[in-house]
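Heads up, the thing below is written out as C-alpha cells.
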Amino acid sequence: MSSNHLRGQSSPYLIQHSENPVDWYPWCNEAFERARQEDKPVFLSIGYSTCHWCHVMAHESFENEEIAAILNQNFISIKVDREERPDIDSVYMAVCQTLTGSGGWPMSIFMTVEQKPFYAGTYFPPVNRSGMMGFRELLLEINKLWKQKRAGLLQSAEQIFSQIDTNAGSSEEVQKRAGKAIDSGLPGQAAELFTRSFDKNYGGFGSAPKFPTPHNLIFLMLYSGIGLDDKWYQVEKTLEQMRRGGIFDHIGYGFSRYSTDRFYLVPHFEKMLYDNALLMIAYAAAFKISEENMFLDTAEKTAEYILREMTGPDGEFYSAQDADSEGREGLYYIWDYEEICNILGRKKGEEFCSYFGISERGNFEGKNIPNLLNGNPISDKFHKEKKLLYENRQLRTKLHLDDKVLTTWNSLMLSAMVVLYRVTGKERYLQSAVQAHCFIEKNLADGNILFVSCRNGAGAVNGFLDEYAYYSAALLSLYEAVSDEKYLRRAEEICNEARRQFKDPNGEGFFLYGDRNDRLITRPKETYDGAIPSGNSVMAYCLVRLFQITDNKDYKSAAEQQLAYMSHLAEGYPAGYCMFLTALLLYDYPPQKITAILSKTDTEEEIISRVPLYADIKILKEETPEFKLLNGKTTYYVCKDHICLPPVNEIK
C-alpha cells in the first residue's frame, strides 16, 4: 500500500503517517462504519508530530509490514493528532490513566465500534522485550479474544465506560459535590505544598523529571508580591537554575520541554510554543519584581528565538520543533570539545568550553550540552562565539518543524509578547502581538466562532473551551497594554460565546467541548492545570478580569460561581490549580487602577514600562476635565481599594 486515508490531511502528525503500510483513517464516521460492517475492533493511536516515542513506535511498528498486515486484517486503525483533537485525547487519556495508572504519548487504545475502550496503553515495542509485551503479540492476543471471548471484552468496555463517565463530571453524584463557596484559604495551602516539595539545592519542585510549569511560578510571584508570604526565593532559584541548565538553549535560545534530571542539565530536547510563552511571562514578571537583568535577558532571548525560528510570514506562531534528527534525540544540540575548538579557534574555543561546562569527556552520551551550572556568570561575554556556533549548527540536519498554527498556543504567545512589551516598552513585541491577533481573526475565526488550528489555509476543526478561554485572555492582555476598547469588546464577545457553548446548564463549570463539536462517549470538564492551565482555570481568570475592568455585575456573578466551583475541585491538591489560584488572588486583591496623562516629552512605550504589571493602566494623550497634568509633566492618578490618591509625577 503506497498511501492510506491520511493523504490530504493538514496535520503534520497525520501526514507523517500517510505513507505507512497501516491503513490509517483520520477520526471520521467512515472508519467506524467500516468497523461496524466488517465486525472489527478499532485501534486508536494518539500522538503529535514532535513526540520522540511516537517516532520510535512509528518506525518500529507502523512501518513494519508484518505488523501492518495484522492491523489491516483484524482492526480498523485511526490516527489522531492530540493537538488538533484535544477532546478525543482528553477522553481516552482518562481511560489510559484509569487502566494503567499513567498516561502519555503515543497513546494506544483498543475499543468497540461504539467508541467504548476495552484496553489501553502507551508505547509498545514491536515484539516482547525487557518485560514489556510486544505490539505484535498484543494485536494477536486481542484479535484472539475478540473472536473467541468477545463477551468479556464488551463487559470490560462497559465497566470502563461507566468509570470514566463518572470521572468526567457528568454524573449526578459529581454535580451534587459542586463547590458552594469561594475558598480564599487555598492559595496559602498551595504555597505550603510548594514549600514542602521545593528543591533548595537545584530549584524546581519534586524530583526528576522536572517540568517548567511556569504558571506555578507566576502564582508564587503574585502570592509573594501582594504580601501574603515570601516565596520569592523559590521562584528566583528555579528561574536561575533553568536559565543556567541545558533546558535553556545557550546557543540558539528558547527552552526545551523538560529536564530529565533534577539539575536541569539534560532536557527532553523538543521545544514547544506553549512552554516558551509561559516562560517568557514568568521571566518578564520576575524582572519587573526584582530588576535582575538576567531574568529580562532570558525573556528577550526566548522571544528572539520565537521571532526567528517559530514565527510565520504573517506573524503566526508555529507549534513545535522536534527533539530528533537523524534518528537520535538531541543530536542537533550537542557538541564535541574539538568541534568547538575547530570552529572558534583553539584559544577562544578552550575559553568557551571552560565557560559553558564543555569537556572532552562530555556530559551527555559522550558529547556536551552547553550549560552554566558551574556557576559562571550569565552574560553575553561570548556573543560572537555563540553566533558562530549557531550558524554552524544551522548546517546540521534540520529539525522537523510542526508548522500548524494553534489558536490556544498562539493566544498564549500573543499574551507573552504583550507582557514583554509592558516590561520593556519595546514596540517590536507589541507589533508581534498585534500581528498574531490579526492572523487569528483572519484565519482562525469566523465571527465569534473559533477554530482549533490551521495550516496552509483556514481552520477546519471547531474550537473547544481552551480556544475561547485563551483567546479571551489574550485580547484582555492587549486591552490592558494599549487601552483600545476594540480589544475589550472582542474579549467580551469571545468570552460570552464560550459561556454559550460550553457552560454546564445543569451545574457549574465549563465542558471541554460544546454544541458545535463532535459527540464523544463522555463530556469531560478539564479543571486541573497540566503543562498549560486548564480551560476552566483560564475562564475563571477572564471572568474576574472582565468584572474588574467593566464593573459588569453579570461578570461578577459568573466569576464568583466559577471561583466557587473551582474552589471545591482544588481542595484535594490546590498546587495543581495555580491558574485558578491566580484568578482567586486577583479577585481577593484587585489590582490598583492607574490613569496616566502623557506629557509632550514622554511616549506610551516609556510609560507602559514604568508602571507595575499588577495594575490596570489607562494612558491618556491629552488632559481631560477630570485628569490634568501636574507640573507640566506626565502625571499618574492611582486608585486602590476604593481610594484615590493625589496625582503624582513618579510611580513606584
Side-chain angles (χ1 to χ4, degrees), residues 11-17 45-59 80-84 86 89 93 103-107 122-123 204 208-214 242-243 245-261 264-280 301-302 305-306 308-312 317-335 364-365 367 369-371 390 393-394 396-406 408-410 412-413 416 453 455 530-532:
S11 158
Y13 179 60
L14 269 53
I15 291 169
Q16 285 174 352
H17 292 269
S45 176
I46 303 176
Y48 57 102
S49 80
T50 58
C51 162
H52 171 71
W53 286 102
C54 300
H55 297 330
V56 174
M57 190 166 177
H59 178 66
V80 164
D81 184 337
R82 65 171 290 259
E83 294 165 358
E84 281 199 338
D89 181 62
M93 182 61 75
W105 302 276
M107 198 193 317
T122 51
Y123 163 79
K210 284 182 176 175
F211 289 79
T213 50
M242 287 196 293
R243 169 61 196 267
I247 192 173
F248 180 76
D249 178 1
H250 291 267
I251 305 301
Y253 311 142
F255 286 87
S256 293
R257 180 68 194 89
Y258 61 84
S259 175
T260 62
D261 55 55
Y264 292 103
L265 172 62
V266 179
H268 175 41
F269 288 91
E270 67 180 319
K271 289 179 177 177
M272 312 300 292
L273 183 67
Y274 61 80
D275 282 321
N276 284 280
L278 286 164
L279 283 161
M280 281 168 59
K301 279 182 165 54
T302 304
Y305 156 70
I306 293 296
R308 184 183 62 225
E309 297 191 33
M310 297 288 284
T311 303
F317 302 114
Y318 299 138
S319 294
Q321 278 181 328
D322 209 334
D324 296 17
S325 58
E326 299 178 38
R328 280 187 59 193
E329 182 180 0
L331 185 64
Y332 183 81
Y333 294 103
I334 56 181
W335 300 86
F364 175 72
E365 298 180 353
K367 295 201 174 191
I369 302 168
N371 69 91
Y390 177 79
R393 198 174 74 178
Q394 291 284 90
R396 297 177 178 178
T397 301
K398 289 262 188 286
L399 297 168
H400 163 68
L401 173 69
D402 186 328
D403 59 355
K404 71 174 176 296
V405 181
L406 294 162
T408 296
W409 298 3
N410 269 249
L412 252 185
M413 185 53 74
S453 66
R455 184 173 180 271
I532 63 174

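- In terms of modelled atom types and a separation under 3.5 Å, the side chain of T311 and the main chain of I306 share a donor-acceptor contact.
- The shortest side-chain heavy-atom distance between M57 and T122 does not fall under the 4.5 Å cut-off.
- When all heavy atoms of S259 and L265 are compared, the closest pair comes out as OG-N, 3.8 Å.
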Where do Y274 and T408 land on the side chain to side chain contact (heavy atoms under 4.5 Å, CB included) test, with the steps shown first?
CA-CA 9 Å; Y274 61 80; T408 296; over 6 Å; no

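- A parallel orientation is assigned to the rings of Y253 and F248, their planes being inclined by less than 30° (bins at 30° and 60°).
- A salt bridge links K404 to E83: at least one charged side-chain nitrogen sits closer than 4.0 Å to a carboxylate oxygen.
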L412 vs L273, side chain to side chain contact (heavy atoms under 4.5 Å, CB included): CA-CA, chis, key distance, verdict:
CA-CA 9 Å; L412 252 185; L273 183 67; over 6 Å; no

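- Formation of a donor-acceptor pair under 3.5 Å by the H250 side chain with backbone atoms of R243 is found in this model.
- Nearest heavy atom pair, residue P267 against residue E329, reads O-OE2, 4.3 Å.
- The shortest side-chain heavy-atom distance between L278 and I532 falls under the 4.5 Å cut-off.
- In this structure, the separation between CH2 on W409 and CE on M272 is 4.0 Å, given to the nearest 0.5 Å.
- Summarising the geometry of I251 relative to P370, their closest heavy-atom pair is CG1-CG, 4.3 Å, with the distance given to 0.1 Å.
- With hydrogens and angles ignored, the 3.5 Å screen pairs a side-chain donor or acceptor of N371 with a backbone N or O of I369.
- Listed here is the closest heavy atom pair of R257 and A531: NH2-CB, 3.2 Å.
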Under the side chain to side chain contact (heavy atoms under 4.5 Å, CB included) rule, what do R82 and Y13 come out as? Steps first, then yes or no, please.
CA-CA 9 Å; R82 65 171 290 259; Y13 179 60; over 6 Å; no

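- With rounding to the nearest 0.5 Å, the separation of CD in Q321 from OG in S49 is 11.0 Å.
- In this structure, E309 does not pair ionically with K271, as no charged nitrogen and carboxylate oxygen lie closer than 4.0 Å.
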Under the criterion side chain to side chain contact (heavy atoms under 4.5 Å, CB included), I'd like the reasoning laid out for Y123 against V56: C-alpha separation, chi angles, the key distance, then a yes or no.
CA-CA 9 Å; Y123 163 79; V56 174; 3.9 Å; yes

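- Here the side chain of R396 pairs a donor or acceptor atom with the backbone of Y332 at under 3.5 angstrom.
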Start with the C-alpha distance between F364 and Y333, add both sets of side-chain angles, then the distance that settles ring-ring contact (aromatic ring centres under 6.0 Å, His included), and finish with yes or no.
CA-CA 11 Å; F364 175 72; Y333 294 103; over 10 Å; no

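- To the nearest 0.5 Å, the span separating NE2 on H17 from SG on C54 amounts to 7.0 Å.
- A distance of 15.0 Å separates CG of D403 from CZ of F317, quoted to the nearest 0.5 Å.
- Exactly one residue among F211, Y258, W53, F255 makes a ring-ring contact (aromatic ring centres under 6.0 Å, His included) with H268. That residue is Y258.
- In this structure, the separation between NZ on K210 and CG on D261 is 8.0 Å, given to the nearest 0.5 Å.
- Within the model, atoms CG of L279 and OG1 of T213 stand 9.0 Å from one another, a figure rounded to the nearest 0.5 Å.
- Counted by atom type alone, Y48 and E270 present one or more donor-acceptor pairs between their side chains at under 3.5 Å.
- At least one side-chain heavy atom of W335 sits under 4.5 Å from a side-chain heavy atom of R393.
- Side-chain N or O atoms of T260 include one that pairs as donor or acceptor with a backbone N or O of V266 at under 3.5 Å.
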